[in-house]
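Written below as structure tokens is the structure these notes are about.
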Number of protein chains: 2
Amino acid sequence: MSEEASYKIGDLARMFGITARAIRYYEELGLLESDDRDGSEHRRYSERNAVRIKRIQQLKDYGLTLAEIHELFDLAKNDRTGDSVRTSLAAKYRARLEDAEHRRAALDGYIEDLSWHIEQLDKVHDFFDCPGAACASCRWSDRCDVRLLVAKGS
Amino acid sequence: MSEEASYKIGDLARMFGITARAIRYYEELGLLESDDRDGSEHRRYSERNAVRIKRIQQLKDYGLTLAEIHELFDLAKNDRTGDSVRTSLAAKYRARLEDAEHRRAALDGYIEDLSWHIEQLDKVHDFFDCPGAACASCRWSDRCDVRLLVAKGS
DNA sequence: CATGAAATTGACCTTTAACGTAAGCTTTTC
DNA sequence: GAAAAGCTTACGTTAAAGGTCAATTTCATG
């Protein structure tokens, strides 16, 4: 709160275990700004900038792409504006939410299948090649539409 | 069950809305085999092969990469073997399961955060740049270790 | 058997992500 | 006044899932 910290790009790189190139790249993408203090040629970074990098790392670890992070930052930036923007923001968030929930559902299906497969390891069944209908114990039967194959074939 | 269907590569391509190149590519990766019936130069496909492609599509829609699908097929192929193999298989499955559950947890976190953000749209707060400790209402406070910044800085 | 449609192999091309790496030059810092 | 660090520019990288020629061959059919 008292002294204004001022880092050089290499400092931040060391602090976060990334390269200077990465930091410049973030700037290039518009994820980060440098202070560019007193017209020097070298970038200068404040504590605030450092925090920003930490955010980027967190969100990255989190699975987001830099583009997604950019989106979030942009949204946050616009957060200070009026109500109309606010509602459009809400819409965007909700879209992303739906998307994520969709991906989650897919993952859940995958997990379920894998769990099932683990359980079934002793009752081995060749479900990968089973056409479904002909096979009583085939768990794929509801997903494998053999009629589709037959109908579309000549 | 009576007539043995025999498709040409173009038939399957049309049936599944993919290109012949894609089908050959699957073969190239070892995901698919053609019957190569009676030494003809042109590939021939049985109903079984067609089902296989359908499986590939399902698993793909599902979010798996072709490499992952390959793994699954290999595992399924090995399913017919003895007990020692069986247990090592179980281990592999469980590893993948853990992996998937980890990804799921990350996604859940993302969903949670997004939901929170939607809720908070009217109590706007600049949490992206907030260092955490100094800010009481900052939800990042527990994740943002400012001491880390201070400690590692010169 | 002639011919047009469909298949074959092989090789290179494409796109996106997130930087890596090198070159040549300038600025700080000791 | 060097060495160390930084600057810009620009091309390289890796992986995924095919796309796109190209030159040649095979299949099906009247």
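Proteins get letters first, then strands, A, B, ... in listed order; numbering begins at 1 in each. Owing to the predicted nature of the structure, the values given are computational and were not obtained by experimental measurement.
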[X] to [Y] - nearest heavy-atom pair and separation:
X       : Y       : answer
B:Ala13 : B:Ala20 : CB-N, 3.9 Å
A:Ala50 : A:Tyr7  : CB-CE1, 4.2 Å
B:Arg24 : B:Ile9  : CG-CD1, 3.6 Å
A:Lys8  : A:Tyr45 : C-CD1, 4.1 Å

Using atom [atom1] of [X] as one end and atom [atom2] of [N] as the other, report the distance to the nearest whole Å.
X       : N      : atom1 : atom2 : answer
B:Ile53 : D:dG18 : CD1   : P     : 12 Å
B:Tyr25 : C:dG10 : OH    : P     : 16 Å
B:Ile18 : D:dG18 : CD1   : P     : 8 Å
B:Ile56 : D:dA16 : CD1   : P     : 16 Å
B:Glu68 : D:dA15 : CD    : C1'   : 13 Å
B:Asp11 : D:dA28 : CG    : C1'   : 13 Å
B:Glu27 : C:dA7  : CD    : P     : 14 Å
A:Leu31 : C:dA17 : CG    : C1'   : 13 Å

Out of B:Leu12, B:Asp11, B:Ile18, which residue meets the side chain to side chain contact (heavy atoms under 4.5 Å, CB included) rule with B:Arg14?
B:Asp11
Between D:dT14 and C:dA22, how far is it from one P atom to the other, in whole Å?
13 Å
Ranking D:dA17, D:dA28, C:dC19 by distance to the side chain of B:Leu66, first place goes to D:dA17
Closest to the B:Thr65 side chain: D:dG19, C:dC19, D:dA17?
D:dA17
Salt-bridge contact A:Glu28-A:Arg21 (side-chain N to carboxylate O under 4.0 Å):
yes
Is any side-chain nitrogen or oxygen of [X] closer than 4.0 Å to OP1 or OP2 of [N]?
X       : N      : answer
A:Thr19 : C:dC19 : no
B:Lys8  : C:dT8  : no
A:Tyr26 : C:dC19 : yes

For nucleotides 7-10 of chain D, tabulate all protein N/O to nucleotide N/O atom pairs closer than 3.5 Å, reporting atom names and distance.
| residue | atom | partner | partner atom | Å |
| --- | --- | --- | --- | --- |
| D:dC7 | OP1 | A:Arg43 | N | 2.8 |
| D:dC7 | OP1 | A:Arg43 | NH1 | 3.0 |
| D:dC7 | OP2 | A:Arg24 | NE | 3.1 |
| D:dC7 | OP2 | A:Arg24 | NH2 | 3.1 |
| D:dC7 | OP2 | A:Arg43 | NH1 | 3.4 |
| D:dC7 | O5' | A:Arg43 | NH1 | 3.4 |
| D:dT8 | OP2 | A:Arg43 | NH1 | 3.1 |
| D:dT8 | OP2 | A:Arg43 | NH2 | 2.8 |

Here the gap from A:Ile69 atom CD1 to A:Leu31 atom CG, rounded to the nearest 0.5 Å, amounts to 6.5 Å
